[in-house]
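So you know, we letter chains A, B, ... as the sequences are listed, proteins then strands, and number each from 1. Given the structure is predicted, the values throughout are model-derived calculations rather than measurements.
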Amino acid sequence: MRKKVLQILAKHIDKPIVLEKPKDRSFGHYATPIAFSLAKELRKSPMIIADELANIFKGEEIFENVEAVKGYINFKLSENFLDEYATWALKNEEKFGADFKDENILLEFVSANPTGPLHIGHARGAVIGDALSRIGKHLGYTITKEYYINDAGNQIYLLGLSIYLAGREKILKLETKWPQEYYRGEYIIELAKEAANYFGSEIFVDEAFIPKLSTWAKEKMMELIKADLKRVGIEFDTFISEKELQEKWPKVLEILEKAGAVYHKDGKVWLKSTQFGDEKDRVVVREDGRPTYLAGDIIYHYEKFKRGYDRYINIWGADHHGYIARVKAAIRFLGYDADKLEIILAQMVSLLKGGEPYKMSKRAGNFILMSDVVEDIGADALRFMFLSKKADTHLEFDVDLLKKEDSSNPVYYINYAHARVNSIFEKAGKNFEDVYDVELKDIKEDAKNLLFISLLLPEVIEDAFEKRELQKVTDYLKVLASEFHRFYNEHKVIGSQEEDKLLKLFSVTALSIRVGLRLLGIEAKKRM
RNA sequence: GUCCCGGUAGCUCAGCAGGAUAGAGCAUCGGAUUCCUAAUCCGAAGGUCGUGGGUUCGAAUCCCGCCCGGGACACCA
């Protein structure tokens, strides 16, 4: 709808047009303050310009009215236009809000180390990435969801070591000296028990078996992570293993050497990342010849760019923000366009429990498991909670609140609206299809308003995707549900003279809720 | 010290490519059910938009300084 209005405006105004929704809907469906900015160059008062423009657009069919008020131009869409759009949408649910964006996007997210189950912090990135992909696909983008597995490096050894020590202590009942760094938490003990079953408890006798434990455990952990994700409805298209990429390091290093991107100092190899705005140069190969973690990421991004996508989106934890500059620098050195890489930082999630905030750390073992929260509040509520806040701001919530199953949980509120519509149709003994072709003519102002809001979904999801701000979708659904509930309370549908018209109106609302929720990975409930 | 995020109603947060009287949810108080699910709705109360300057016809929104809170600043991943 918005696009249509903009198209018409562009026919007569040769300037970027700001089109907004008036705060007070009685002004109209859309409005533009364009007259203010034109005032200067035309040397006329905004009021006069607005008046003139309003007259030009009055003839357009899609408008019922165009008015100039205090310099603003307000547009009211015609009933006929809204009705035609609604009918089309009802008959083409799959296409409602869909678009034909032609871009191939690689979306990398979660990528949690396979050293433990997913915690609530991972869940945020996971849910955002998944919803982004669903919405993007609906808009026509081709999106590949990728998980980068950090299965090389010290943390994998630590995982094996932790299990080894846990096995010694809990199973062999030996006195165990724990190092400063190791993985804590119940799951390590569980793994030790499982390992004892699988390998026999001799595995805990000799340190030499640690690598064996590591390799075994990391596979176990990936299985666990995949299962955790699946429970929230998230699946990946591709998994890339850091370990498997490692062999390509000599080749990548050679390219960097040729590009003059690295130099040798103190027996190490440094990346000249300062050349592209990093604070300091970074070590990519240590004195003993082992590549650093950054080297792994350089290979990974080299491989990514070689695969030739139009755009790359990484969702990282906010603690990686300092990392962006060096990775982008490496990409430039490798001859690729680093601007194609976009990083979404998912900020910290603070959980409150009993009013006490507490930090989450996988290392320390006092983290909240994503799977636990899912069990408490359900995958839908979990998804909705994360999607209703911007990714890059700190999020704080109380676990106890999430456990509540009442109207303070917006996902119930929205579902209830959807369920109510279904219930009315049931009571009326009608199907959605029965009212598709009912003409919405001479409907009351508040009905037209609900119709308009119901039809806003397409522009909302497009805006949300382009800005990478998915909370716009959840906000919209909350508003839509609220408008619906209000209307529902004020009007009796069944038996009224306008029964069919209102049923059609409600089915458009339900459609929007259903499609909107689906794009967030939540299935709308028909009955509650 | 440098960098990132934030500071808007009692709480959690929208709004921020400048624009019409600053919004929502929760909490508080008051009300609505002979009728399609009250898991709902209506109303009231509640704000120097951290602070000081600047730009502008117009600033919560843009620019600069300062204050406060959180986080990041590895040859760990």
Side-chain angles (χ1 to χ4, degrees), chain A residues 16 18 20 22-24 27 31-37 39-40 45-46 69-72 74 112-113 115 150-156 158 181 242 266-270 278-280 282-288 290-297 317-325 345 347-348 350 352 357 359 362-363 388-398 401 404-410 412-413 415-417 419-428 467 469 471-472 474-475 478-479 481-482 484-496 499 502-503 506 527-528:
Chain A
V18 175
E20 54 195 31
K23 280 174 194 144
D24 185 342
F27 282 127
T32 178
I34 189 79
F36 290 98
S37 42
K40 238 179 203 169
S45 110
V69 181
K70 290 198 282 183
Y72 288 86
N74 298 324
N113 288 348
T115 52
N150 290 125
D151 56 357
N154 198 240
Q155 83 278 12
I156 298 298
L158 273 183
E181 248 194 314
E242 180 187 5
D266 305 332
K268 303 160 209 172
V269 183
W270 301 72
D278 197 5
E279 289 170 31
K280 49 186 163 187
R282 308 288 171 175
V283 173
V284 287
V285 182
R286 304 175 177 95
E287 263 176 288
D288 60 11
R290 283 156 51 232
T292 61
Y293 176 77
L294 176 60
D297 251 345
D319 53 340
H320 281 66
H321 95 263
Y323 215 72
I324 298 173
L345 291 179
Q347 279 285 354
M348 291 258 306
S350 314
L352 293 176
K359 289 182 179 174
K362 187 187 272 190
R363 294 260 152 96
S388 55
K389 300 282 182 274
K390 268 188 285 196
D392 63 355
T393 56
H394 300 264
L395 170 58
E396 180 178 281
F397 61 71
D398 200 304
L401 276 178
K404 285 210 272 183
E405 296 201 349
D406 59 27
S407 61
S408 63
N409 192 339
Y412 286 90
Y413 183 77
N415 262 318
Y416 186 40
R420 271 182 151 174
V421 174
N422 280 280
S423 159
I424 285 196
F425 269 89
E426 226 169 83
K427 282 268 160 58
K467 294 203 173 107
E469 289 183 4
Q471 87 283 357
K472 287 180 187 294
T474 54
D475 284 349
K478 279 190 263 188
V479 169
S482 163
F484 168 80
H485 284 309
R486 200 221 326 256
F487 191 93
Y488 177 95
N489 257 275
E490 286 171 8
H491 302 272
K492 173 114 172 91
V493 175
I494 295 176
S496 89
E499 178 172 322
L502 293 180
L503 283 175
F506 280 10
R527 198 186 288 269
M528 293 178 76

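The CD-P distance, from Gln347(A) to G69(B), rounds to 17 Å in whole Å. Here A72(B) presents its P atom at 17 Å from CG of Asp392(A), a figure rounded to the nearest Å. Per the geometry, NE2 belonging to His485(A) stands 16 Å off P belonging to C36(B), to the nearest Å. Atom CD of Gln155(A) is separated from atom C1' of A74(B) by 15 Å (rounded to the nearest Å). In this structure, OH of Tyr412(A) is placed 17 Å from C1' of C26(B), rounded to the nearest angstrom. Taking atom OH on Tyr323(A) and atom C1' on C3(B), their separation rounds to 17 Å, with Å as the unit. A straight line from OH of Tyr488(A) to C1' of C41(B) spans 11 Å, rounded to a whole angstrom. Nucleotide A72(B) holds its P atom 18 Å from the CG atom of Asp278(A), rounded to whole Å.
Nucleotides C62(B) and G1(B) are separated by 25 Å at their P atoms, to the nearest Å. Taking atom P in both U40(B) and A27(B), the straight-line distance is 10 Å, to the nearest Å. A9(B) and U48(B): their P atoms are spaced 9 Å apart (whole Å). For C49(B) and G15(B), the C1' atoms lie 11 Å apart once the distance is rounded to whole Å. Nucleotides G71(B) and G25(B) place their P atoms 32 Å apart, quoted to the nearest Å. Of the P atoms belonging to A32(B) and A38(B), the separation is 16 Å, rounded to the nearest Å. For the P atom pair drawn from U51(B) and C11(B), the interatomic distance equals 15 Å after rounding to whole Å. Look at the P atom in both G7(B) and A44(B): the space between them is 28 Å, to the nearest Å.
When atom types are taken as modelled, the side chain of Ser388(A) and the backbone of Thr474(A) share no donor-acceptor pair closer than 3.5 angstrom. Looking at Asp151(A), its side chain does come within 3.5 Å of a backbone N or O of Glu242(A) through a donor-acceptor pair. Remark: side-chain polar atoms of Glu469(A) are not paired, donor with acceptor, to backbone N or O of Lys389(A) under 3.5 angstrom. In this structure, His491(A) contributes its side chain and Arg486(A) its backbone to no donor-acceptor pair below 3.5 Å. Looking at Thr292(A), its side chain never comes within 3.5 Å of a backbone N or O of Val285(A) through a donor-acceptor pair.
Put simply, Arg486(A) has a side-chain N or O that comes within less than 4.0 Å of OP1 or OP2 on C42(B). The phosphate of A74(B) has OP1 or OP2 within less than 4.0 Å of a side-chain N or O from Lys280(A). Residue Arg420(A) places no side-chain N or O under 4.0 Å from the OP1 or OP2 atom of A39(B). The phosphate of C41(B) (OP1 or OP2) has a side-chain N or O of Tyr413(A) nearer than 4.0 angstrom. Distances shown here put a side-chain N or O of Thr393(A) below 4.0 Å from the OP1 or OP2 atom of A14(B). Regarding contacts with the backbone of C5(B), every side-chain N or O of Lys389(A) stays at 4.0 angstrom or more from both OP1 and OP2.
Side-chain atoms of His320(A) lie closest to A77(B) of the nucleotides A14(B), A77(B), U40(B). Nearest nucleotide to the Lys472(A) side chain, out of G15(B), C36(B), A14(B): G15(B). For Lys427(A), taking side-chain heavy atoms from C-beta onward, the closest of the listed nucleotides A77(B), A74(B), C36(B) is C36(B). When the nucleotides C5(B), A39(B), U2(B) are ranked by their closest atom to the side chain of Glu279(A), U2(B) comes out on top. Considering only side-chain atoms of Gln471(A), the nucleotide from C35(B), A14(B), A77(B) that sits closest is A14(B). Listed candidates were A20(B), C36(B), A77(B). Nearest to the side chain of Ala31(A) is A20(B). For His321(A), whose side chain is taken as the heavy atoms from C-beta onward, the closest listed nucleotide among A14(B), A72(B), C36(B) is A72(B). Comparing A20(B), A77(B), A38(B) by their closest approach to the side chain of Phe27(A) singles out A20(B).
If you check every strand for non-hydrogen atoms under 4.0 Å, Ala152(A) touches sugar and phosphate atoms only. If you check every strand for non-hydrogen atoms under 4.0 Å, Ala428(A) touches nothing. When heavy atoms are screened at a 4.0 angstrom cut-off, Lys70(A) is found touching the sugar-phosphate backbone but no base atom. Using a 4.0 Å heavy-atom distance criterion, Lys478(A) is classed as making no nucleic acid contact. Residue contacts shown for His394(A) include a base, since a base heavy atom lies under 4.0 Å away. Within the 4.0 angstrom heavy-atom criterion, no nucleotide atom of any strand lies near Phe425(A). Contact annotation for Pro46(A): no contact, since no heavy-atom pair falls under 4.0 Å across all strands.
G6(B) and C68(B) make up a base pair, with Watson-Crick or G-U wobble contacts both under 3.5 Å. Across the strands present, C36(B) finds no partner; the criterion is a Watson-Crick or G-U wobble pair with both atom distances under 3.5 angstrom. Checking G23(B) for Watson-Crick or G-U wobble geometry (two distances, each under 3.5 Å) identifies C13(B) as its partner. Remark: C73(B) base-pairs with G1(B); criterion is Watson-Crick or G-U wobble with both hydrogen-bond distances under 3.5 Å. Across all strands shown, U28(B) forms a Watson-Crick or G-U wobble pair, both distances under 3.5 Å, with A44(B). U56(B): no Watson-Crick or G-U partner with both key distances under 3.5 Å is found in any strand.
Taken from CD in Glu499(A) to NZ in Lys492(A), the straight-line distance is 9.0 Å, to the nearest 0.5 Å. Taking CE of Met528(A) as the start and OH of Tyr412(A) as the end, the distance is 7.0 Å to the nearest 0.5 Å. Rounding to the nearest 0.5 angstrom, the gap separating the CD atom in Gln347(A) from the NE2 atom in His321(A) is 9.5 Å.
Each of Glu20(A) and Asp319(A) was matched to the nucleotide of RNA chain B holding its nearest heavy atom; the match closer to the 5' end belongs to Glu20(A). Comparing Asp266(A) and Glu490(A) along RNA chain B, the residue whose closest nucleotide (by nearest heavy atom) sits nearer the 5' end is Glu490(A).
No aromatic stack links Phe36(A) and the base of G58(B), using centre distance under 5.5 Å and interplanar angle under 30°.
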Check against salt bridge (Lys or Arg N to Asp or Glu O under 4.0 Å), Asp288(A) and Arg290(A) = CA-CA 6 Å; Asp288(A) 60 11; Arg290(A) 283 156 51 232; 2.7 Å; yes

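For Asp151(A) and A77(B), a side-chain-to-base donor-acceptor distance below 3.5 Å is absent, hydrogens and geometry of angles not being considered.
Taking the six-membered ring for Trp and the full ring otherwise, the centers of Phe506(A) and Phe484(A) sit less than 6.0 Å from each other.
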